[in-house]
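Naming convention: chains lettered A, B, ... in sequence-line order (proteins, then strands); numbering from 1 in each chain.
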Amino acid sequence: MCENLILAAREQVAALTQSAYEKAAQAGLLPAGAQIRGQVDIPKDTAHGDYATSFAMAGAKALGKSPREIAQLLMDHMVLEGTYFDKMEMAGPGFLNFTLGKHWFSEVLAAVEAGGLTYGKSCEGKGKRVMVEFVSANPTGPMHMGNARGGVLGDAVASVLERLGYEVWREFYVNDAGNQIHKFALSIDARYRQLILGEEAVEFPADGYQGEDIRELARDFRAQFGDSWLEKSEEERQEAMAQFGLKANLPKMKEDLRRYKIEYDEWFLESTLHDSGYVAETVNLLTEKGWTYEAEGALWLRTSGLLREKYLREGKTPEQVDKLELKDDVLRRANGFYTYFAADIAYHRNKLEKRGFDTAINVWGADHHGHVHRLQAALDGLGLDGSNRLVIILMQLVNLLQDGQPVRMSKRSGKAIALHDLLDEVSVDAARFFFNASKPTVAVDFDLDLAVREDSENPVYYVQYAHARICSLVAKVVETKGISVPAAAEVDATLLQTPEELALLKTIARFPEELKLAGRELDPSQINRYLVALAGDFHRFYNSCRCMVDDPALQAARLKLADSVRGVLENGLNLIGVTAPEKM
RNA sequence: GCGGCUGUAGCUCAGUUGGAUAGAGUGACUGGCUACGAACCAGUAGGUCGGGGGUUCGAGUCCCUCCAGCCGUACCA
């Protein structure tokens, strides 16, 4: 059975139209053999039917007749017997409008029932392995609102892709090497020495991390190891500080994310790439392929050349490419250390080559957008087709507000609101739904005062309320009438005829299509909007149609409809990591 | 300068390969519970889709151009 009834109906309209055209052509009423790409749309206004095709308008030129004439001929040669449709009519400039009939509506309830909690699954991703890397926050401090957003985004994208049949791997990349960690160590070390020698005696690094968590790490270090580390060499001490800090922070991050209902398949350490020589090997590979050169003591990647090839390949004209200010990148600094960029190339080579993922999807903050094409181009240079196999979801940042005023958010100033602070104030459900509400491309404002106060105004409760209402309804029917939810086969779906009932059936039928779109666009916020729409359809149905009625057949049909909605709500909420409560 | 994102109702935002009279939530106003959960529903009001050109049967959607806001343009990550 095809679960995707929206797609099935759409295809049927296209097929019906095409065959009607062929019949009309055979009868000599229209020129034969024209290739016409008529679109099949779902009209906004239900007065225009459930599906509409613009075939007649699109074909007007090729067929040498007015759209309305063509539409009339198509109607004359169309047979709806045995199809999903009851009715068809011509409208407006030449649209053909189709109205769904009983065959289709009967199948909806059966499809939802058969699908159960995986209703909407498909096999479009069968056999394809995808890694979704997300959050990957620096382990130098607590996670903030941007990570909260990226967390739901990545997790929900992964869930959607799983449902679409992909084999999905969730990964957190731990930046436990490089400059940030060095600064991290310097910061803890300075606080440590301040504890012993006094605040004034030790200058805190200008670009160090100011947060209270750093002082705490220093206190913990001192409590555990005493003052003796003061006598060790600076290098030795800082190495110890870095390790100590990471060891303290990583479990906290894991715990915070677990609390936020995110579980990773792997926490991948950047340091392993350096320690195993994989970064050096990757850079050497680029050198062998002729993509590097030395200058000013550093080793450079010819990013400008790689990008130029990439852009030309993608269809930009040489003039357009010339206009861009392409620059090269340093891979190995004059001091011998590899840059973050070099490690990142190695990391993604590891994903695509060593571990063999077909596609690597990364959730990045939009402030890293300048890095996207450079990394893809570098992977192209390694022959790994990064331009197609590395997909970056650029997520616009979260603006932190307090009483409506913007607050600068950075780990350095320590002014960020941490993820765990958020979860102390609002439920995981509210937070996840809120951060999954906007498309990745739009920036969101987040005001903690508002988030806490408007807790009950979060649309998540509108959706959850619909679910709880249905649970209560089903329980009531069982309790007072001794009747449980019937199987789809025992239900006469043609009894569902009010506009509210039909709207609800159409909405639950749409779910597989919504999933497909969310997957294609890598935008799980579409699920939020779908769930709000479904909950709205249900509340309207509930207010206008009584389920507990004397007619047993109608009661069974409505009960089944309500329970089907419940299943789809639970299904969708699960996908975005929000609970579907039976009571609230 | 160059590049990315954004600009739609008072506010927050939808608008799916171009389709018919541009939608929803929220705020404002008016109604609806002795009936399966009122955390709900119904109704009213609110628009030069940032401006201007172009493409075509048809543009919020595609192309060009201009304007405004945010972000990026490191031997940082």
Side-chain angles (χ1 to χ4, degrees), chain A residues 37 39-45 47-48 52-54 57-58 60-61 66-67 91-95 97 136 138 140 175 177-183 207 270 295-300 323-327 329-335 337-341 343-344 365-373 394-397 399 437-445 454 456-457 459 461-462 464-466 468-477 480-481 513-514 516-518 520-521 523 525-526 529 532-533 535-536 538-549 555 558-559 562 583-584:
Chain A
R37 209 176 123 266
Q39 286 180 35
V40 180
D41 295 303
I42 297 175
K44 289 172 198 155
D45 188 342
H48 295 129
T53 176
S54 56
M57 280 104 83
K61 242 175 205 168
S66 77
F95 285 104
N97 296 337
S136 299
N138 269 318
T140 51
N175 303 126
N179 242 322
Q180 295 286 86
I181 292 299
H182 183 60
K183 265 186 227 166
D207 57 351
E270 180 188 351
E296 300 158 52
L299 184 72
W300 295 72
K323 231 181 85 184
L324 302 171
E325 295 167 357
L326 303 180
K327 292 178 194 160
D329 292 284
V330 170
L331 292 175
R332 195 178 57 226
R333 294 196 280 263
N335 64 13
F337 288 107
Y338 290 102
T339 58
Y340 180 85
F341 188 47
D344 220 12
D367 52 342
H368 289 67
H369 83 263
H371 203 61
V372 174
H373 292 284
L394 282 178
M395 179 191 76
Q396 295 295 317
L397 301 179
N399 301 313
S438 317
K439 289 183 295 188
T441 50
V442 310
V444 306
D445 292 337
E454 293 188 353
S456 64
E457 285 178 25
Y461 298 106
Y462 184 74
Q464 289 183 319
Y465 180 57
R469 237 183 174 183
I470 299 170
C471 289
S472 167
L473 168 67
V474 170
K476 194 93 169 189
V477 173
T480 62
K481 301 208 173 188
E513 186 83 350
E514 293 287 337
K516 215 176 91 181
L517 284 172
R520 196 183 69 196
E521 307 285 324
D523 173 14
S525 71
Q526 298 189 16
R529 289 188 284 279
V532 171
F538 174 76
H539 288 309
R540 278 184 285 279
F541 157 77
Y542 186 87
N543 263 61
S544 67
C545 303
R546 277 191 65 77
C547 292
M548 294 172 75
V549 290
Q555 178 171 272
R558 287 184 172 165
L559 190 60
K583 285 181 187 156
M584 50 190 291

Whether [X] contacts [N] is assessed here as follows: a side-chain N or O lying under 4.0 Å from the phosphate OP1 or OP2. Is that the case?
| X | N | answer |
| --- | --- | --- |
| Y465(A) | rA39(B) | yes |
| R333(A) | rC76(B) | yes |
| K323(A) | rG1(B) | no |

Within the 4.0 Å heavy-atom criterion, would you say [X] contacts the bases, only the backbone, or no part of the nucleic acid?
| X | answer |
| --- | --- |
| L517(A) | base |
| D523(A) | nothing |
| A91(A) | base |
| A334(A) | base |
| H539(A) | sugar-phosphate |
| A52(A) | base |
| R546(A) | base |
| E514(A) | nothing |
| C545(A) | base |
| R520(A) | sugar-phosphate |

For [N], give the paired nucleotide (Watson-Crick: N1-N3 plus N6-O4 or O6-N4; G-U: N1-O2 and O6-N3; both under 3.5 Å), or none.
| N | value |
| --- | --- |
| rA20(B) | none |
| rC62(B) | rG54(B) |
| rC5(B) | rG69(B) |

Worksheet item: Under 3.5 Å, is there an N or O donor on one side and an acceptor on the other linking the side chain of H371(A) and the base of rG72(B)?
Response: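 A donor-acceptor contact between them is absent.
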Discussion item. So for N543(A) and rA35(B), does any side-chain atom that can act as donor or acceptor lie under 3.5 Å from a complementary atom in the base?
Written reply: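 A donor-acceptor contact between them is absent.
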Worksheet item: Does rA39(B) have Y462(A) stacked on its base, where the ring centres are within less than 5.5 Å and the planes differ by under 30°?
Response: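 Check failed, Y462(A) does not stack on base of rA39(B).
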Item to complete: Flag as yes if H48(A) stacks onto the base of rA20(B) (centroids under 5.5 Å, planes under 30°), otherwise no.
Response: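 Stacked: ring centres under 5.5 Å, planes under 30°.
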Worksheet item: Which of the following nucleotides, rC40(B), rU6(B), rA77(B), is nearest to the side chain of T441(A)?
Response: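 Nearest to the side chain of T441(A) among the choices is rU6(B).
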[N] versus [M] - spacing of their [atom1] atoms, nearest Å:
| N | M | atom1 | result |
| --- | --- | --- | --- |
| rA9(B) | rA14(B) | C1' | 13 Å |
| rC2(B) | rC40(B) | P | 50 Å |
| rU61(B) | rC41(B) | C1' | 33 Å |

Discussion item. Is it the case that the ring center of F538(A) lies less than 6.0 angstrom away from the ring center of Y542(A)?
Written reply: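 Centroid distance Y542(A)-F538(A): below 6.0 Å, so yes.
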Fill in: For atom CZ of R540(A) and atom C1' of rA38(B), their distance in whole Å
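R540(A) atom CZ is separated from rA38(B) atom C1' by 16 Å.
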Worksheet entry | Length of the CE-C1' vector between M548(A) and rG37(B), whole Å |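 Rounded to whole Å, this separation is 13 Å.
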